[in-house]
Amino acid sequence: MKLSQLGEFGLISRIQRTTPKGRDVLLGIGDDAAWVRNRTGSCLITADLLLEGVHFQRRWTSLYDLGHKSLAVNLSDIAAMGGVPAYATVSLGVPSNLPVSDIDAFYRGIRALASKTGVALVGGDLNAADSLLISVCVFGHAPYRPISRSGARVGDEIYVTGTLGDSALALELLMRARPLKRDRAVAYLLSRHHLPTPRLTVGALLAKEKLAKAMIDVSDGLLQDLGHLCEASGVGAVIREESLPLSPAYRSLAARNGTRYALSGGEDYELLFCVRRKDRSRLERIKHHLDVPLTLIGQCVDSGGGVQVLDAKDRPIRMSAKGHDHFKDDGFVARA
Ligand SMILES: [Mg+2]
């Protein structure tokens with residue numbers, strides 16, 4: 001079988017099936033982060049690989065932003081478990097002609113977000129490479145029981161933080177050949193693409209209050225990541241298109257694409273989580289203390305229906321592709 005037939009997620013589950021769980025591993029391969037026991041308690045571990053030409057293009061990304069984003073995407077996975085990040089290692093494959101000032105800017109971006117989030121950069125590795133390769137690993141504390149993807153039940157309400165689609169729309173604007181009009185809306189979308197905010201406070205609070213029963217961060221597009229959560233939990237989901245949280249910038253620039261990027265775009269790094277219906281009023285009460293809005297977008301249903309999106313007249317919307325898979329070639333979201 002070719003990798004393009006198996007796909008990224010098929011490959012992950014293949015590795016998962018053939019890898020022993022290991023001693024002291026509470027939650028292994030297949031969630032946002034692993035959860036392991038150590039002598040004094042337990043911790044969370046997550047890693048991400050960013051490749052030039054696949055995940056980023058140096059022609060429209062500053063090295064400072066790239067440093068920020070490389071750490072942010074890992075912190076987002078810790079947030080999705082309800083954890084508190086603590087240590088990071090950063091390993092780079094670097095083209096030998098890259099100016100040292102670019103490397104300095106990269107680490108400035110890393111350090112700025114690390115100091116904001118209380119993360120210590122504790123090591124890594126460097127090597128020469130043909131194109132820039134960034135591998136970040138983050139270790140986090142689990143002061144509250146981590147929230148896996150598998151705890152959702154039929155009847156749970158589905159929430160998302162922040163707004164969806166901004167990052168993918170920004171990427172679409174960057175990929176258009178003509179020069180970008182740099183107005184406020186465009187600047188906002190670009191900052192969402194280059195400088196995503198990991199939702200650490202919300203994630204930890206949802207774990208502390210035991211409000212989220214299943215959680216995932218939206219990195220590959222809402223439908224795809226919701227699909228992962230539903231699959232892990234053995235439920236289906238119904239999403240209401242008109243309830244999707246869209247930023248004013250998105251609304252003004254998405255034009256005929258409508259909610260397409262909000263549903264299937266990638267790199268939002270918002271949190272998607274499920275709450276028992278009886279806990280709705282408790283969630284409503286903590287909402288006001290948060291620095292980011294929470295939006296109710298749908299409900300968990302019986303697993304038979306998969307993930308469905310309904311328009312304002314309750315008609316199902318047909319989706320051509322669900323999101324991004326690094327090995328399959330049918331995903332329409334280009335992650336250049
Ligand atoms: Mg994730």
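Computation of the quantities below employed the complete heavy-atom set of this structure, encompassing side-chain atoms and omitting hydrogens, waters and symmetry-equivalent molecules. Both ligands and their constituent atoms are indexed starting at 1 by order of listing.
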inquiry  = Quick check on side-chain contact (heavy atoms from CB on, under 4.5 Å): which of V94, L132, L126 does I103 satisfy it with?
reply    = V94

The Mg ion (ligand 1): protein N, O or S atoms that are less than 2.8 Å away, sorted by chain = D32 OD1, D77 OD1, D217 OD1

Exceeds 12 heavy-atom contacts within 6.0 angstrom, atom CZ of R145 = no

request  = Heavy atoms only: give me the nearest D225-I216 pair and the separation to one decimal.
outcome  = O-CD1, 3.5 Å

request  = Assign the ring pair H141 / Y87 to parallel, tilted or perpendicular, where the plane angle (0 to 90°) is split at 30° and 60°.
outcome  = perpendicular

Side-chain donor/acceptor of T259 to backbone N/O of A262, under 3.5 Å = no

request  = Tell me, with the steps shown, if Y107 and V90 meet side-chain contact (heavy atoms from CB on, under 4.5 Å).
outcome  = CA-CA 9 Å; Y107 279 96; V90 176; 4.0 Å; yes

